[in-house]
Amino acid sequence: MSDPTVVHRTVLTAAAPYDFALSLRALEGFMPVAGDHRVADDRVRRALLRPPDPTAPPDPGAAPGQAAVLVEAGPAAGGVALAVHAQHPLSAVGRASVETAVRRWLGLDDDLNAFLAIARADPAMAPLLAVAQGLHQVRFATLAEAAVYFTLTQRSTQWYAAARKRRLAAEQGASIVVDGVTYPAFPALPAVAALDDEKLIGYAGNKQRADRIRSVVEGLAALDEDWLRTGPYDQVRAALLAVQGIGPFTADGLLLRALGRPDDVPLEMAQFTAAAEAVYGEPPPTPAELRARYGRWIGWWAYYARTATGWLPRPDPVPEPSRAG
């Protein structure tokens, strides 16, 4: 088998303002996807499923539709420099599909200017904008990965959910080896749904959670992902909630962190009330007040508040007064 080579290079433009270095910083702090990518110097690498292409020869040892490509993203003027490693060249359709996946993963098309205009008029946001203007939302690379993760977090911890998700990808997803490093690509929704009960229970930890994963991935596979990303927010949320196994927590997680929908966010949850306190002090604005101020961009406020507060400079400790001996 030949080693993968770079089969495609391009520059993906991003909606301004954009700073790729901030995307790298955000990825390093996004714990649910820790271990799914590798950051070195000023670049990030991760594997994605190779788009279906009946004209390409099959990758040796890979089942049909179960090959991977490696995407490598780096800085470029106005966007991201993309290099795609693969065993075989990609068709024009395949190249476009990979580019779209990377654009979604790094939030390159997110137009944050309406949110930024509101945030600039909010004095408490000034410190965050000083360290994070140019930040776009980094997300789960695929809807399947996000769906399994959020389902695994139910009655579990984020650490265990992320670890189980990584093991599922390593053992059931396609993989690609570049520079001696193996990169697994998370399997598609139908592939997860096709796992037998024993295997799915092994990843889920118990039968109840395994049954929930199966119903969630089957339900999502029956929906149009492009519509989930672009359709009317209330209708999309209702469609997600109609899937057996998806409750408000999973629906909200998928909408914001997988589909990039900033229209609403569960501000009443502890992590968001804590973020509001970190930004505004005690007492912070109520969820209703924040929604009234930021409108359909409230998700971007929540993302900046939770991501960039950890980037603020820490105040120097006050030295203790010296004591006479």
### Query
How far does CG of Asp211 sit from CG of Asp197, to the nearest 0.5 angstrom?
6.5 Å
### Message
For Asp41, I'd like to know if atom CG has over 12 heavy atoms of other residues, nucleotides or ligands within 6.0 Å.
### Response
no
### Student check: side-chain heavy atoms of Pro284 and Val279 closer than 4.5 Å
no
### Task
Run the numbers on Arg104 and Glu225 for side chain to side chain contact (heavy atoms under 4.5 Å, CB included), then give the verdict.
CA-CA 12 Å; Arg104 289 172 171 174; Glu225 184 174 338; 3.9 Å; yes
### Task
With sequence neighbours excluded, tell me which residues meet side-chain hydrogen bond (donor to acceptor under 3.5 Å, both in side chains) with Glu218.
none
### Query
Can you list the steps and then say if His37 with Leu27 is a side chain to side chain contact (heavy atoms under 4.5 Å, CB included)?
CA-CA 9 Å; His37 56 264; Leu27 276 173; 3.9 Å; yes
### Query
Would you say Tyr183 and Ser175 make side-chain contact, with heavy atoms under 4.5 Å?
no
### Query
What about Trp159 and Tyr203, same hydrophobic cluster or not, with Ile/Leu/Val/Met/Phe/Trp/Tyr joined at side-chain heavy-atom distances under 4.5 Å?
no
### CZ/Arg38: more than 12 non-hydrogen atoms of other groups inside 6.0 Å
no
### Ion pair check, Glu268 and Arg291, cut-off under 4.0 Å
yes
### Message
Show the nearest heavy-atom pair for residues Pro51 and Gly94, with the distance to one decimal.
### Response
CG-O, 3.6 Å
### Message
Looking at Glu145, is its backbone amide N or carbonyl O close enough to the side chain of Thr142 to form a donor-acceptor pair, meaning the two atoms are under 3.5 Å apart?
### Response
yes
### Task
Measure the acute angle between the ring planes of Phe30 and Phe140, then classify it against the limits of 30° and 60° as parallel, tilted or perpendicular.
perpendicular
### Task
Kindly say whether Tyr304 contributes a backbone atom to a donor-acceptor pair with the side chain of Thr307 at under 3.5 angstrom?
no
### Message
Please report the interatomic distance OG1(Thr230) to CZ(Arg261), rounded to the nearest 0.5 Å.
### Response
7.0 Å
### Message
Do Leu112 and Trp297 make a side-chain contact, defined as non-hydrogen atoms from C-beta onward lying under 4.5 Å apart?
### Response
no
### Task
Look at the side chain of Ser97 and the backbone N and O of Val93, then say whether any donor-acceptor pair between them is shorter than 3.5 Å.
no
### Task
For Lys165 and Tyr160, indicate whether the former's side chain and the latter's backbone hold a donor-acceptor pair under 3.5 Å.
no
### Message
Between Phe150 and Arg257, is the side chain to side chain contact (heavy atoms under 4.5 Å, CB included) condition met? List the steps.
### Response
CA-CA 10 Å; Phe150 283 115; Arg257 295 315 304 257; 4.2 Å; yes
### Query
Looking at side-chain heavy atoms only, is the closest gap between Phe115 and Ile298 below 4.5 Å?
no
### Query
Does Val39 reach the side chain of Glu28, with side-chain heavy atoms less than 4.5 Å apart?
yes
### Query
Closest approach of Phe272 and Pro266, non-hydrogen atoms and distance?
CD1-O, 3.1 Å
### Task
Determine, for Arg237 against Asp264, whether the closest basic-nitrogen to carboxylate-oxygen distance falls under 4.0 angstrom.
no
### Mutual orientation of the aromatic rings belonging to Trp300 and Tyr303 [parallel < 30°, tilted 30-60°, perpendicular > 60°]
perpendicular
### Task
Using salt bridge (charged side-chain N to carboxylate O under 4.0 Å, His left out) as the criterion, list what pairs up with Arg103, not counting sequence neighbours.
Asp109
### Task
Look at the side-chain heavy atoms of Ile, Leu, Val, Met, Phe, Trp and Tyr, link any pair under 4.5 Å apart, and say whether Val181 and Leu48 land in one connected group.
no
### Gln244 atom CD: more than 12 heavy-atom contacts under 6.0 Å
no
### Query
Between Asn206 (side chain) and Gln208 (backbone), is there a donor-acceptor pair under 3.5 Å?
yes
### Query
Per the side chain to side chain contact (heavy atoms under 4.5 Å, CB included) rule, which among Val80, Val102, Leu106 passes with Val71?
Val102
### Task
Might you point out which heavy atoms bring Ala67 and Ala174 nearest each other, and give the distance in Å?
C-CB, 3.6 Å
### Query
Looking only at atom types and distance, does a side-chain atom of Arg166 sit under 3.5 Å from a main-chain N or O of Val33, one as donor and one as acceptor?
no
### Summary
dist Gln271:CD -> Arg306:CZ (nearest 0.5 Å) comes out at 4.5 Å
### Message
Would a single hydrophobic cluster contain both Leu70 and Leu12, if residues Ile, Leu, Val, Met, Phe, Trp and Tyr are joined by side-chain heavy-atom contacts under 4.5 Å?
### Response
no
### Task
Compare every heavy atom of Gly202 with every heavy atom of Arg164, then report the nearest pair and how far apart it is.
NH1-O, 3.7 Å
Distance-only donor-acceptor hits, side chain of residues 118-137, under 3.5 Å, sequence neighbours excluded:
{"unit_1": "Arg120", "atom_1": "NE", "unit_2": "Gln133", "atom_2": "OE1", "d": "3.4"}
{"unit_1": "Arg120", "atom_1": "NH2", "unit_2": "Gln133", "atom_2": "OE1", "d": "3.0"}
{"unit_1": "Asp122", "atom_1": "OD1", "unit_2": "Ala124", "atom_2": "N", "d": "3.4"}
{"unit_1": "Asp122", "atom_1": "OD1", "unit_2": "Arg293", "atom_2": "NH1", "d": "2.9"}
{"unit_1": "Asp122", "atom_1": "OD2", "unit_2": "Tyr280", "atom_2": "OH", "d": "2.5"}
{"unit_1": "Asp122", "atom_1": "OD2", "unit_2": "Arg293", "atom_2": "NH1", "d": "2.9"}
{"unit_1": "Asp122", "atom_1": "OD2", "unit_2": "Tyr294", "atom_2": "OH", "d": "2.8"}
{"unit_1": "His136", "atom_1": "ND1", "unit_2": "Gly107", "atom_2": "O", "d": "2.7"}
{"unit_1": "His136", "atom_1": "NE2", "unit_2": "Ala15", "atom_2": "O", "d": "3.0"}
{"unit_1": "His136", "atom_1": "NE2", "unit_2": "Pro17", "atom_2": "O", "d": "2.9"}
{"unit_1": "Gln137", "atom_1": "OE1", "unit_2": "Arg139", "atom_2": "NE", "d": "2.5"}
{"unit_1": "Gln137", "atom_1": "OE1", "unit_2": "Arg139", "atom_2": "NH2", "d": "3.4"}
{"unit_1": "Gln137", "atom_1": "NE2", "unit_2": "Leu256", "atom_2": "O", "d": "2.9"}

### Task
Might you point out which heavy atoms bring Ala86 and Arg50 nearest each other, and give the distance in Å?
CB-NH1, 3.7 Å
### Task
Indicate yes or no: at least one non-hydrogen side-chain atom of Leu90 is less than 4.5 angstrom from one of Val84.
yes
#### Entry: Atom pair OG1/CG of Thr273 and Leu267 - distance to nearest 0.5 Å
9.5 Å
### Query
Does Asp110 reach the side chain of Tyr18, with side-chain heavy atoms less than 4.5 Å apart?
no
### Message
Same cluster or not: Val243 versus Trp227, using hydrophobic residues (I, L, V, M, F, W, Y) connected whenever any side-chain heavy atoms lie under 4.5 Å apart?
### Response
yes
### Query
Do Val44 and Glu72 have side-chain heavy atoms sitting under 4.5 Å apart?
no
### Query
Are Val69 and Val178 grouped together when hydrophobic residues (ILVMFWY) are joined by side-chain heavy atoms under 4.5 angstrom apart?
no
### Task
Locate the shortest heavy-atom distance separating Ala188 from Leu49; write the atom from each residue and the value.
N-CD1, 3.6 Å
### Message
Let me confirm one number: the CG-CG distance from Asp234 to Asp263, rounded to the nearest 0.5 Å.
### Response
8.0 Å
#### Entry: Positive for side chain to side chain contact (heavy atoms under 4.5 Å, CB included) with Leu240, one of Asp252, Thr250, Leu220
Leu220
### Nearest-0.5 Å distance that lies between atom CD in Gln154 and atom CD1 in Ile213
9.0 Å
### Message
Please determine whether side chain to side chain contact (heavy atoms under 4.5 Å, CB included) holds for the pair Met269 and Phe249, giving the CA-CA distance in whole Å, both sets of side-chain angles, and the decisive distance to 0.1 Å.
### Response
CA-CA 10 Å; Met269 292 183 66; Phe249 170 80; 3.9 Å; yes
### Message
Strictly below 4.0 Å, N to O, side chains only: are Glu99 and Arg95 in salt-bridge contact?
### Response
no
